[in-house]
Each structure stands twice: as structure tokens, then as C-alpha cells.
Amino acid sequence: MIAVTNPATEEIIGSIVDSDAAAVDAAVSAAAGALGPWSALSPATRAGYLRVLADEFEKRSDEISELVTRQNGTPISIARAMQSQVPVCYRYFASLAEKLSVEEHVETASGDAIVLREPVGVVAAITPWNGPQPLIAWKLGPALAAGCTAVIKPAPETSLDAFVFAEIVAAAGIPEGVVNIVTGGRETGAALVAHPGVRKVAFTGSTVAGKAIAAECAKQLKHVTLELGGKSAGILLDDVDLDAFRPLVLSACSPNTGQTCRALTRVLAPASRYDEVVDLLAATMTAIPQGDPLDPTVFFGPLVNATQRERVESYIELGKAEGAELVIGGGRPFERGYYVAPTIFCGVTNDMRIAREEIFGPVLTVMPYRTVDEAVAIANDSEYGLGGGVFSPDRERATEVARRIVTGSVGVNTSTLPIETPFGGVKNSGIGRELGPRSVDAYLEYKTIFRA
């Protein structure tokens with residue numbers, strides 16, 4: 001058994017089974033057994049199930065939000081906002097299912113052909129602890145739309161909400177075996193990835209784990225989608241309106257207490273306004289309430305566990321040792337809970353480890369630039385390429401800068417991620433895309449029947 005701990009109180013609130021290879025095999029076998037009947041349903045019928053799933057999720061959204069907060073420390077207002085998007089996702093994938101053409105007739109130079117779109121098979125959906133239900137939806141939605149069945153392996157820190165989700169799946173009337181859940185740690189995940197009955201793996205998590213998954217999938221020539229780490233840059237152009245940028249500091253630079261892969265943790269400020277930007281960030285981050293994540297007025301909670309707190313604290317000490325200047329934060333604001341105070345470093349250069357490695361906590365680095373070309377070069381000088389941001393009242397100018405950033409997505413004056421567009425990373429930030437109109441394609445195989 002694996003204990004589940006509330007990071008705000010350090011109290012054990014539950015436990016989960018650390019599933020072994022036999023349990024994984026049973027889940028995969030159940031998914032394989034349900035694959036034929038589920039894939040035989042019309043896409044429109046599968047869309048109907050997805051819509052009912054969305055309805056049933058809405059009924060228990062508040063319950064799940066509170067459970068997620070108690071497991072990973074996400075402030076409840078943020079948790080509620082995240083859960084509110086889950087039914088939206090399932091309904092979006094339902095709309096994609098309704099548009100799915102299972103076969104297409106093609107005239108060729110030597111006759112005609114039929115191109116069939118068929119489900120890839122059993123999907124392993126492995127999700128992280130920072131956004132468990134939305135990231136399940138990003139994978140399960142297109143998988144079910146395509147006619148696949150799935151085995152979900154949630155993170156051990158946030159598996160209690162998966163039990164509620166299993167009840168939601170049952171309430172939606174989705175046939176037995178179509179959606180399966182196994183809980184456990186790394187060995188459970190490794191057994192699921194390696195299982196020969198799994199034909200696609202969809203994973204969100206660390207780059208280190210993603211590379212191991214990619215290697216195993218390569219051995220068996222499995223389909224794989226990887227959404228991995230990030231060290232994204234937010235470029236403030238020299239004409240930036242700081243009053244307009246201020247409300248975005250939380251959502252763009254340090255959402256979910258900095259435990260978000262696409263957070264803009266490298267802030268690039270024009271040298272002519274560098275001190276002004278540092279002061280604004282310091283004042284804004286200091287003013288964001290931190291405390292009990294179940295308090296709806298709190299927007300910075302604890303880190304997910306003691307290990308993550310130690311990791312973040314080690315990077316703060318490293319930043320000091322590297323010669324960066326600590327502007328605010330760096331300590332533990334409370335005696336109980338895995339909290340780290342919001343932290344900002346200035347005097348940072350892009351060769352420092354705090355500017356290059358993913359910290360995954362409420363830690364920002366602020367770097368100056370003198371020309372837009374230099375800002376773009378700094379932004380692109382990273383092993384990651386997941387997110388990014390450009391901020392300026394001149395929308396078209398900011399968009400031209402955004403075009404030059406080597407990354408999977410860039411927000412211009414916004415941190416809102418639209419589900420109607422592809423999301424994913426380049427370089428060490430991953431392979432493939434989730435969301436958007438072509439997301440179902442990742443769960444399909446194409447078969448051609450050509451005829452004389």
C-alpha cells in the first residue's frame with residue numbers, strides 16, 4: 001500500500017494499492033476484451049457516451065476539486081477552475097467524434113481505394129499529480145472518440161480522485177472494460193508501458209520518465225505521446241503595460257504554486273525597465289495570499305510533498321551559490337505543511353542552472369535583455385520548448401516575436417490555453433500533441449484497401 005498525504009497538514013488521508021504486474025495484466029486484458037464491441041459502435045454513439053460522461057462529471061466536480069486540493073495542495077479556487085474545464089473537454093472530444101469519418105474513398109491512377117480509420121487499440125494513459133482530472137480528459141477523451149479502450153494510471157499522490165472518477169464512468173453507462181484504472185508507483189507504470197497488449201502510451205510528466213517510456217515504446221514500436229517538462233520564457237517587450245501584465249503574474253508565471261509545466265518561470269525584461277519589472281513582480285508575488293489551500297482566498301498553496309519541497313529549496317540554495325540575488329522569498333512561511341515562500345531571483349544569467357533546469361515551484365528568474373533579438377536568443381537557448389509568452393500592447397508586434405520562439409505554444413498577452421488548438425512541446429518537452437481538431441488522429445491507425 002502507498003499512503004496519500006495532505007501536503008498542507010502532513011497528515012495521511014488515505015492509501016492506495018501499489019498494483020503489481022498481475023493487476024496491470026488484468027486491467028489490460030479487460031481493456032482488450034472490451035475493444036471489439038466499443039470500436040464497433042459508431043463514432044456518434046461514442047460521442048453520446050462522452051457527453052453523458054461530461055454530465056456525470058459535473059455533478060461531482062466540487063467533490064473532486066476538494067479531494068484534489070487535499071491530495072496535492074492546489075488552491076481550491078484553482079482546483080475548481082480546473083475541474084470546470086473537464087466536462088468542456090469531454091464535450092469537445094464528443095464533437096470531434098461526431099465528425100470522424102471511419103472510411104474514405106479515394107480515386108487513384110490504378111483504380112480506387114478505401115482508406116479506413118481504425119482505433120490503435122488499448123491505450124495506457126499515465127497522468128501526473130498537478131492536474132490529474134484535466135490531464136486524464138486530454139487523453140481519455142480522444143481515445144474513446146477514436147474507439148480505443150484505456151487503462152489509466154494516475155500519480156500515486158493523486159489517486160483518490162480516480163476512485164470517484166471510476167464511479168462517474170460507471171454512472172455514465174460506459175461499458176465495463178472500456179475504462180480501467182490501476183494505482184501504484186513507478187513499477188506499476190513501467191509494467192503498464194511494457195505490457196505487450198498496450199498499443200499506445202499517452203504520458204504527461206517529467207522528461208526523465210518520458211525518455212524511459214519512449215525507449216520502451218521504441219522496443220515494441222508502440223505509438224507514444226509525451227508531454228514533458230518546461231522552462232518557458234515570458235518576454236516583456238519594452239512597451240509592456242505593467243498594469244495589464246500584473247494580473248497575469250499568477251496565472252502565467254506561477255500557476256498552481258509554480259507546479260505547472262508551461263509556467264513562464266524565466267521572465268525576460270528590457271534592460272531599460274529591468275528594475276521596474278523586478279519591483280512589480282516582487283510586489284505582486286508577495287501580495288498573493290499563501291496558506292490553507294481549502295481557503296478560497298488563498299492562491300499559493302503547499303508543494304505536493306516533502307521531496308518536492310526539498311528539491312525546490314535545493315535550487316534556491318543553488319541560485320544563491322551561483323551568484324543570483326534573492327529578491328523575495330526563499331524560506332518556509334509556516335511550521336507545518338510543505339510550503340515554500342514565493343521566490344524571485346534577479347541578476348540571473350541564462351547559463352545558471354536556476355535559469356536552465358525545471359524547478360517546479362514558486363521560483364521566478366528575471367533576466368535583462370537589450371534587443372528583441374537577444375530576448376529571442378535567450379528564450380530559445382534552452383533544452384526545453386513547451387510554452388512561452390510575449391507581452392505588449394502592440395498585439396501584432398508581439399505576435400511576430402512569438403513566431404520566432406522555438407516552442408510548442410506561445411501566449412500573446414494571455415495565459416489561457418484553448419482546448420481547440422494543439423498543445424505539446426519540442427526538444428526535451430515532448431513528442432506529439434494533445435487537444436485541437438487533430439488530437440483524435442494520435443489514437444487511430446490508417447488502413448488502405450486498394451482495388452483494380
Side-chain angles (χ1 to χ4, degrees), residues 27-53 89-125 137-152 169 172-180 192-193 195-203 214 217-226 419-424 431-452:
V28 174
S29 296
L35 180 62
W38 179 254
S39 64
L41 298 175
S42 69
T45 300
R46 295 196 293 267
Y49 278 109
L50 283 167
R51 287 201 166 88
V52 177
L53 181 63
C89 280
Y90 286 125
R91 291 181 183 121
Y92 175 70
F93 290 120
S95 71
L96 294 185
E98 289 174 330
K99 299 171 186 175
L100 180 63
S101 175
V102 296
E103 65 178 63
E104 177 184 358
H105 290 257
V106 179
E107 294 297 327
T108 76
S110 57
D112 70 325
I114 304 170
V115 178
L116 303 177
R117 295 178 177 86
E118 299 178 340
V120 71
V122 175
V123 172
W138 289 17
K139 297 162 179 58
L140 185 63
L144 296 186
C148 298
T149 55
V151 179
I152 299 167
V169 169
I174 292 175
E176 187 173 347
V178 172
V179 179
N180 308 271
L192 181 58
V193 171
H195 197 290
V198 170
R199 295 311 309 153
K200 176 181 170 64
V201 177
F203 171 77
C217 289
K219 288 180 185 178
Q220 299 187 40
L221 297 180
K222 296 181 181 183
H223 296 254
V224 63
T225 301
L226 303 171
I419 65 170
E420 299 87 356
T421 59
F423 177 73
I431 298 172
R433 296 293 182 269
E434 295 182 304
L435 303 178
R438 287 168 292 279
S439 54
V440 177
D441 282 350
Y443 296 84
L444 293 171
E445 293 278 21
Y446 284 75
K447 178 194 293 183
T448 299
I449 301 172
F450 50 94
R451 307 185 293 185

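Index from 1, following the sequence. Predicted model only: the values in this text are computed from it and were never measured.
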Original post:
Under the side chain to side chain contact (heavy atoms under 4.5 Å, CB included) criterion, do Leu116 and Glu103 qualify, and how do the steps go?
Top reply: CA-CA 4 Å; Leu116 303 177; Glu103 65 178 63; 3.4 Å; yes

**OP:** Determine, step by step, whether Tyr443 and Leu144 satisfy the side chain to side chain contact (heavy atoms under 4.5 Å, CB included) criterion, reporting the C-alpha distance in whole Å, the side-chain angles of both residues, the deciding distance to 0.1 Å, and the verdict.
**Re:** CA-CA 9 Å; Tyr443 296 84; Leu144 296 186; over 6 Å; no

Original post:
Can Phe93 and Ile419 be said to form a side chain to side chain contact (heavy atoms under 4.5 Å, CB included), step by step?
Top reply: CA-CA 10 Å; Phe93 290 120; Ile419 65 170; over 6 Å; no

**OP:** Quick one: do His223 and Val123 satisfy side chain to side chain contact (heavy atoms under 4.5 Å, CB included)? Show the steps, please.
**Re:** CA-CA 9 Å; His223 296 254; Val123 172; over 6 Å; no

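Smallest separation of non-hydrogen atoms from Leu100 and Ala145: CD2-O, 3.9 Å. Annotation for Val106 and Val115: closest pair CG2-CG2, 4.0 Å, computed over non-hydrogen atoms. Counting all heavy atoms, side chain and backbone alike, Val151 lies closest to Ala27 at CG2-O, 3.7 Å. Closest non-hydrogen pair, Cys217 versus Val201, comes out as SG-CG2, 3.7 Å. Closest approach of Gly177 to Thr149, counting heavy atoms only: O-CB, 4.2 Å. Shown here for Asn180 and Ala31, the closest heavy-atom pair between the two residues is ND2-CB, 3.5 Å.
Between Ser439 atom OG and Tyr92 atom OH the span is 5.5 Å, to the nearest 0.5 Å. Between Leu221 atom CG and Arg199 atom CZ the span is 7.5 Å, to the nearest 0.5 Å. Glu434 contributes atom CD, which lies 12.5 Å from atom OG1 of Thr421 (distance to the nearest 0.5 angstrom). Atoms CG and SG, on Leu50 and Cys89 in that order, are 11.0 Å from each other to the nearest 0.5 Å.
For Thr225, the side chain to side chain donor-acceptor pair (under 3.5 Å) partners at least two apart in sequence or on another chain are Lys200.
Sorted by first and then second residue, the side chain to side chain donor-acceptor pair (under 3.5 Å) pairs involving residues 42-53 (not counting sequence neighbours) are Ser42-Thr45, Arg51-Glu98.
A 4.5 Å side-chain heavy-atom check between Glu118 and Ser39 finds every atom pair outside the cut-off. Contact check for Pro142 versus Leu96: no side-chain heavy atoms found under the 4.5 Å cut-off. Residues Asp441 and Tyr446 have side chains in contact (heavy-atom distance under 4.5 Å, counting atoms from C-beta outward). Residues Leu435 and Trp138 are in side-chain contact: their nearest non-hydrogen atoms beyond the backbone lie under 4.5 Å apart. When side chains are defined from C-beta on, Ile114 counts as touching Arg451, because their heavy atoms get closer than 4.5 Å.
For Gln220, the CD atom counts as densely surrounded, since its 6.0 Å shell holds more than 12 non-hydrogen atoms of other residues, nucleotides or ligands.
The main-chain N or O of Phe450 is never found under 3.5 Å from a side-chain atom of Asp112 such that the two would form a donor-acceptor pair. In terms of modelled atom types and a separation under 3.5 Å, the side chain of Lys222 and the main chain of Val193 share a donor-acceptor contact. Arg117 contributes a side-chain N or O that, together with a main-chain N or O of Ser101, makes up a donor-acceptor pair within less than 3.5 Å.
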